[in-house]
Amino acid sequence: MTIAPRLLEWFDRNGRKNLPWQQDISPYRVWVSEIMLQQTQVQTVIPYYHRFMQALPTVQDLAAASEDAVMHLWTGLGYYSRARNLRRSAQIICSEFGGEFPNDVERLSELPGVGRSTAGAIVSIAFQRRAAILDGNVKRVLARVHAVDGYPGVTSVARELWERAEQHTPEVRVADYTQAIMDLGATLCSRTKPACGICPLVDDCQAHELGTIAQFPGKKPPKVLPVKRTQMLMIGNSAQELLLEKRPPTGIWSGLWIFPQADAGADPIAYCSDQLGIEVELLERWREYRHTFSHYHLDIEPVRLRLKHAPPTVMEPERHLWYNLRAPAAVGLAAPVAKLLEKLA
DNA sequence: AAGTCGGGGAG
DNA sequence: CTCCCAGACTT
């Protein structure tokens with residue numbers, strides 16, 4: 001049994017065909033879209049995708065761009081290693097493959113940031129060669145159609161879903177099929193309130209037959225997020241510029257620029273003197289607020305400070321930047337920094 | 001197998 | 001608040 005014929009018939013009448021990455025299809029355009037869409041909703045990606053493709057229309061442009069320029073285009077989108085890997089992969093494609101994308105899952109998966117599902121999407125959509133995908137939408141559709149119990153993060157559950165994905169993927173019209181099953185998951189077969197009444201797969205759906213749609217797919221086991229605290233130091237100079245630091249290449253906000261951070265409870269003036277070698281005076285403290293990541297909460301205490309003397313020599317130009325609000329540098333900013341800069345402006 | 005990595009939309 | 005999104009990678 002395969003769901004492909006009914007899915008394709010539904011797709012012809014109801015599928016999405018006007019998404020930005022569905023126009024002028026090329027491996028590069030499909031690849032960029034698939035990376036942006038990892039763990040990120042379509043409506044969030046669209047404006048980023050337009051800006052990115054306008055700034056860097058070819059893989060050669062991306063390979064030649066500076067890391068700061070790419071991070072700037074990614075600011076606010078999250079999972080910033082995607083942007084760094086995207087640039088690295090572009091350089092590999094240009095230097096090792098002569099600017100041509102591999103057209104098979106095995107070689108595409110060797111590119112940093114491209115896993116099995118993303119490779120399958122590129123192969124099926126850009127090259128129209130048979131390859132299965134298994135993203136969040138497909139997991140939900142297949143878990144329901146086959147009543148696959150358990151959380152897909154568990155290896156055995158993922159393995160069964162991959163088998164089902166391979167089983168249903170057709171030889172013909174594979175690009176349309178890939179788009180169709182994602183569209184079904186994103187529209188009718190949604191996480192809450194699925195529209196089973198108009199679903200083309202309702203007669204194939206074991207979860208619907210069981211009357212337990214809401215049980216599929218299995219939920220992620222909840223865990224309590226730890227809470228971390230920090231002060232963000234908004235240090236202004238006499239030119240109305242703000243001091244930013246570049247994050248190291250690994251860890252949270254890697255490659256982005258942030259305000260200097262002092263431990264919660266520490267004296268920010270002493271921190272500036274000891275760690276930055278600058279003398280500052282306190283202007284005001286803003287209300288603490290919570291920024292939440294996938295794996296912890298960060299309670300941020302914003303502090304406004306003013307530089308008392310001219311910048312010292314200890315500050316390293318590679319790691320420090322005076323950010324001018326009226327002529328902002330094209331660098332990547334962590335979301336809380338962008339938010340605080342907005343409030344300062 | 002479990003942890004790391006972001007930010008936002010929807011309920 | 002909770003839950004999860006066109007996941008990949010490291011430990």
Side-chain angles (χ1 to χ4, degrees), chain A residues 16 19-22 30-49 71 74-86 88-89 108-126 131-141 150-159 161-162 165 175 178-187 189-193 214 217-226 228 247-256 258 290-298 332-339:
Chain A
R16 296 177 293 185
L19 296 169
W21 41 89
Q22 294 178 307
V30 171
W31 170 56
V32 171
S33 75
E34 290 301 329
I35 300 299
M36 284 191 170
L37 286 160
Q38 289 171 0
Q39 294 292 286
T40 312
Q41 295 185 349
V42 167
Q43 291 308 317
T44 301
V45 165
I46 288 175
Y48 285 88
Y49 185 79
M71 300 310 288
W74 216 268
T75 291
L77 200 53
Y79 286 137
Y80 297 94
S81 64
R82 294 185 294 177
R84 302 153 59 79
N85 286 336
L86 200 70
R88 280 178 55 204
S89 291
L108 279 169
S109 301
E110 293 176 8
L111 296 172
V114 179
R116 182 177 177 182
S117 186
T118 298
I122 297 169
V123 168
S124 62
I125 295 173
I133 67 162
L134 189 64
D135 63 7
N137 288 314
V138 179
K139 287 173 184 170
R140 186 166 54 254
V141 171
Y151 172 58
V154 173
T155 304
S156 59
V157 179
R159 186 173 62 243
L161 290 171
W162 268 113
T178 295
Q179 190 63 52
I181 193 167
M182 289 191 289
D183 282 0
L184 190 82
T187 58
C189 197
S190 49
R191 186 167 64 88
T192 59
K193 300 192 309 180
K219 294 187 188 308
K220 179 178 185 167
K223 65 180 199 300
V224 179
L225 301 184
K228 303 184 181 183
R247 296 284 298 185
T250 58
I252 198 76
W253 293 324
S254 59
L256 299 185
I258 64 161
R290 174 164 290 187
H291 184 79
T292 299
F293 299 102
S294 307
H295 46 309
Y296 63 89
H297 300 289
L298 183 62
L333 301 173
V337 173
K339 179 176 183 162

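Residue numbering restarts at 1 for every chain, and letters A, B, ... go by the order of the sequence lines. Everything numeric in this text was worked out from a predicted model, so none of it was measured.
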With sequence neighbours left out, write down each residue that passes ring pair (Phe, Tyr, Trp, His ring centres under 6.0 Å) with A/W162, or none if nothing qualifies.
none
Considering every strand and a 4.0 Å limit on heavy-atom distances, what is the contact class for A/L111: base, sugar-phosphate, or nothing?
sugar-phosphate
What integer distance in Å separates A/K193:NZ from B/dA10:P?
12 Å
The residue, A/W21 or A/G113, whose nearest nucleotide of DNA chain C is more 5′ is A/W21
Using side chain to side chain contact (heavy atoms under 4.5 Å, CB included) as the criterion, list what pairs up with A/N85, not counting sequence neighbours.
A/S81, A/R88, A/P112
If the condition is side-chain hydrogen bond (donor to acceptor under 3.5 Å, both in side chains), which residues does A/T178 pass it with, not counting sequence neighbours?
A/S124
Nucleic acid footprint by protein, nucleotides 2-7 of chain B - heavy-atom cut-off 4.0 Å, B for base, S for sugar-phosphate alone:
--SBBB
Interface limits on DNA chain C, where chain A has a heavy atom under 4.0 Å of a nucleotide atom
C/dC3 to C/dC9
When rounded to the nearest 0.5 angstrom, what is the spacing between CD1 in A/I181 and CG in A/N137?
9.0 Å
Tell me, please, which residues at least two apart from A/Y48 pass ring pair (Phe, Tyr, Trp, His ring centres under 6.0 Å).
none
When rounded to the nearest Å, what value does the distance between P atoms of B/dT4 and C/dA6 take?
24 Å
My understanding is that only residues two or more places apart in sequence, or in another chain, count here; which of them pass side chain to side chain contact (heavy atoms under 4.5 Å, CB included) with A/Q38?
A/I35, A/R82, A/T118
Could you tell me whether A/V42 contacts a base, only the sugar-phosphate backbone, or nothing, with contacts defined as non-hydrogen atoms closer than 4.0 Å?
base
Between CD on residue A/Q22 and CD1 on residue A/I125, distance to nearest 0.5 Å:
8.0 Å
How would you list, by chain and number, every residue that makes a side chain to side chain contact (heavy atoms under 4.5 Å, CB included) with A/S156, sequence neighbours excluded?
A/V154, A/R159
By the 4.0 Å heavy-atom rule, please label A/T178 as base, sugar-phosphate, or nothing.
nothing
Given the C1' atoms of B/dG6 and C/dC4, what is the spacing between them in whole Å?
13 Å
Contacts of type side chain to side chain contact (heavy atoms under 4.5 Å, CB included), residue A/K228, not counting sequence neighbours
A/Y296, A/L298
At under 4.0 Å between heavy atoms, what does A/R140 touch on the DNA or RNA strands: base, sugar-phosphate, or nothing?
sugar-phosphate
P atoms of B/dG9 and C/dA8, separation to the nearest Å:
23 Å
